[in-house]
Enquirer: 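Pasting in a structure now, in structure tokens, and then I'll have a few things to ask.
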Amino acid sequence: MQVVDFFAGCGGMSWGFAQTRQSGLAYDVLAGIDIDTHALATYGHNLEAKPVGQDIRDIASEPELLAGLVDGFDPTERPFVFLGCPPCQGFSAHRKKDFRDDPRNNLIREFARVCVHWRPDVVVIENVPEMLRGRYEHYYREAKSLLEDAGYQIAEDVLDLSQYGVPQKRRRSIVIAALDRLPTLPPPPLEAAEARTVREAIGHLQPQNAGETDADDPWHQSPAHIPRILDLIRSIPPDGGDRRALRIEQQLDCHRDLDASSTPGFSDVYGRLRWDTPSVTITAKSSTPSCGRFLHPDQHRNISVREAALIQGFPHNYVFDGPFANQYRQIGEAVPPQFSKHLAFHVL
């Protein structure tokens, strides 16, 4: 079954579909389409499908472009599947104090236009929960209306990916649209108490200091920290501690001001992961301890690229291209491959 992956990023969704087969049925992932050159380079290193650098808006304005961009694409061969995971930043709750509309929110509507033209048998969409239930959900509703007017039936909900084997608490909007039947969403194979933990994901990796690289795995590399930040990290208690444990003189001015305000928050920053629970959500900024709970549970450093990838559900042999911080961004923006396998199997 042919698959084209739009907003493919570094390949998390494509990887799950490419790895899924049963009883003589399998997916042929033809291409991953994106505009991020570093993510596309990563995609090309890990998947046999072709990485294609193209803006979805150009394809939406001239849908026939797709046939020339994707080798082997033949819409007369049925069934075929379109995957679409548009940028989440505009919908995200992390922007709750930023009321500017993000032009990237329009991209889900452009993707729907491409789907309406080519009429894939199944369409799969993934995004942050706010896509369905947030300030800018009307963009999704417009895209949904386009699909429904074209004859698609739709299942949608917010799922907790920790119940699908991903070792982090990651809630995501999942949409499956189908032409010839009422689709359903994949049921979770795990109870909440059975979720994989940080220890299960990364506990086997070699210990390292901040800034070091594992000789056997170039992606098991963690960021270097200046002495002041290293001193701060050493003061954070192991296994779940965070900035609230710091003495007042150690705390940053911005955090003291925030705690004294009428809306204190951001307690997770400079926080350590906990060994025996799922991780917090891995984000595009998981290279930076000031942006969340991204410190190793007991080593005095940020998590490494490999650790971020394993917590995100990537296989251990996945490799990443591009600048160091961009590799974290690719991982944080990806669909966890461990979850995409469940989606792929359910669609199959």
Enquirer: State which residues pass salt bridge (Lys or Arg N to Asp or Glu O under 4.0 Å) with E156; sequence neighbours excluded, sorted by chain then number.
Expert: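 Residues passing salt bridge (Lys or Arg N to Asp or Glu O under 4.0 Å) with E156: R141, K144.
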Enquirer: Mind checking salt bridge (Lys or Arg N to Asp or Glu O under 4.0 Å) for K285 and listing every partner two or more places apart, or none if nothing turns up?
Expert: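 Once residues adjacent in sequence are excluded, K285 has no partner under the salt bridge (Lys or Arg N to Asp or Glu O under 4.0 Å) criterion.
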Enquirer: To the nearest 0.5 Å, what is the distance between OH (Y270) and CG (N302)?
Expert: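 Rounded to the nearest 0.5 Å, the OH-CG separation comes to 10.0 Å.
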Enquirer: Taking salt bridge (Lys or Arg N to Asp or Glu O under 4.0 Å) as the test, write out the residues that go with R133, two or more places apart.
Expert: D157
Enquirer: Could you check whether R78 pairs with D121 (Lys NZ or Arg NE/NH1/NH2 to Asp/Glu carboxylate O, under 4.0 Å)?
Expert: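 Judged by the 4.0 Å cut-off on N to carboxylate O distance, R78 and D121 do form a salt bridge.
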Enquirer: To the nearest 0.5 Å, how far apart are CE in M1 and CG in L25?
Expert: 5.0 Å
Enquirer: Within the side chain of Y164, is there an N or O that forms a donor-acceptor pair under 3.5 Å with the backbone of P186?
Expert: yes
Enquirer: Can you tell me which residue pairs pass the salt bridge (charged side-chain N to carboxylate O under 4.0 Å, His left out) test with a partner in residues 296-316, sequence neighbours excluded?
Expert: D217-R306, R301-E307
Enquirer: Tell me, which pairs form a ring-ring contact (aromatic ring centres under 6.0 Å, His included) where one or both residues lie in residues 184-217, sequence neighbours left out?
Expert: H204-H316
Enquirer: Could you measure the distance from the CG atom of N127 to the OG atom of S173? Nearest 0.5 Å is fine.
Expert: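 Output value for this atom pair is 6.5 Å.
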Enquirer: Name all pairs fulfilling the side-chain hydrogen bond (donor to acceptor under 3.5 Å, both in side chains) condition that reach into residues 336-348, sequence neighbours left out, sorted by first residue then second.
Expert: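 Qualifying pairs: T184-H346.
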Enquirer: Name each donor-acceptor pair under 3.5 Å that joins a side chain in residues 45-56 to protein atoms two or more places apart or in another chain, with its distance.
Expert:
unit_1, atom_1, unit_2, atom_2, d
H45, NE2, D321, OD1, 3.3
N46, OD1, V319, N, 3.0
N46, ND2, T42, O, 2.7
N46, ND2, V319, O, 2.8
K50, NZ, L69, O, 3.2
Q54, NE2, D58, OD2, 3.4
D55, OD1, R57, N, 2.8
D55, OD1, R57, NE, 3.0
D55, OD2, R57, NE, 3.3
D55, OD2, R57, NH2, 2.8

Enquirer: So F82 and F73, would you call those rings parallel, tilted or perpendicular, with 30° and 60° as cut-offs?
Expert: tilted
Enquirer: Are F324 and Y328 close enough that their ring centres sit under 6.0 Å apart?
Expert: yes
Enquirer: Between NE2 of H220 and OG1 of T213, what distance do you get to the nearest 0.5 Å?
Expert: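 Reported value, rounded in 0.5 Å steps: 9.5 Å.
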Enquirer: Looking at I311, I282, V166, which one forms a side chain to side chain contact (heavy atoms under 4.5 Å, CB included) with P336?
Expert: V166
Enquirer: Taking the side chain as C-beta and beyond, is there a heavy-atom pair between P315 and N317 under 4.5 Å?
Expert: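 Result yes, sub-4.5 Å side-chain heavy-atom pair found.
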Enquirer: Can we say D231 and R228 salt-bridge, meaning some charged N sits less than 4.0 Å from an Asp/Glu carboxylate O?
Expert: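 A salt bridge is absent here (no side-chain N lies under 4.0 Å from a carboxylate O).
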Enquirer: Does any pair with a residue in residues 61-75 pass side-chain hydrogen bond (donor to acceptor under 3.5 Å, both in side chains), and if so which ones, sequence neighbours excluded?
Expert: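 Every side-chain hydrogen bond (donor to acceptor under 3.5 Å, both in side chains) pair that includes a residue of residues 61-75, provided the two are not neighbours, is E64-H117, D74-T76.
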Enquirer: Once salt bridge (Lys or Arg N to Asp or Glu O under 4.0 Å) is applied, do any residues pair with D160, and if so which ones, sequence neighbours excluded?
Expert: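 Once residues adjacent in sequence are excluded, the partners of D160 under the salt bridge (Lys or Arg N to Asp or Glu O under 4.0 Å) criterion are K169.
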Enquirer: Can you list the steps and then say if Q208 with Q299 is a side chain to side chain donor-acceptor pair (under 3.5 Å)?
Expert: CA-CA 7 Å; Q208 64 179 214; Q299 296 168 37; over 6 Å; no
Enquirer: Tell me if a side-chain donor or acceptor on R243 pairs with a main-chain N or O of V269 at a distance below 3.5 Å.
Expert: no
Enquirer: Do Q312 and Q168 pair up side chain to side chain, a donor and an acceptor below 3.5 Å, judged on atom types alone?
Expert: yes
Enquirer: Please list all pairs passing the ring-ring contact (aromatic ring centres under 6.0 Å, His included) test where one or both residues lie in residues 282-310, with sequence neighbours left out.
Expert: W275-H296
Enquirer: What pairs meet the salt bridge (charged side-chain N to carboxylate O under 4.0 Å, His left out) rule with one or both residues in residues 194-216, with sequence neighbours excluded?
Expert: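 As it turns out, the salt bridge (charged side-chain N to carboxylate O under 4.0 Å, His left out) pairs with a partner in residues 194-216, which skip direct neighbours, are R199-D276.
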Enquirer: Is it the case that the side chains of E110 and N106 hold a donor-acceptor pair, with the cut-off being a distance below 3.5 Å and no angle test?
Expert: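 Note: N106 and E110 side chains miss the donor-acceptor criterion.
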Enquirer: With side-chain hydrogen bond (donor to acceptor under 3.5 Å, both in side chains) as the rule and sequence neighbours excluded, what pairs involving residues 13-24 come up?
Expert: D5-S14, S14-Y43
Enquirer: Is a side-chain donor-acceptor pair under 3.5 Å present for Q163 with E191?
Expert: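 On atom types as modelled, these side chains do not qualify, holding no pair under 3.5 Å.
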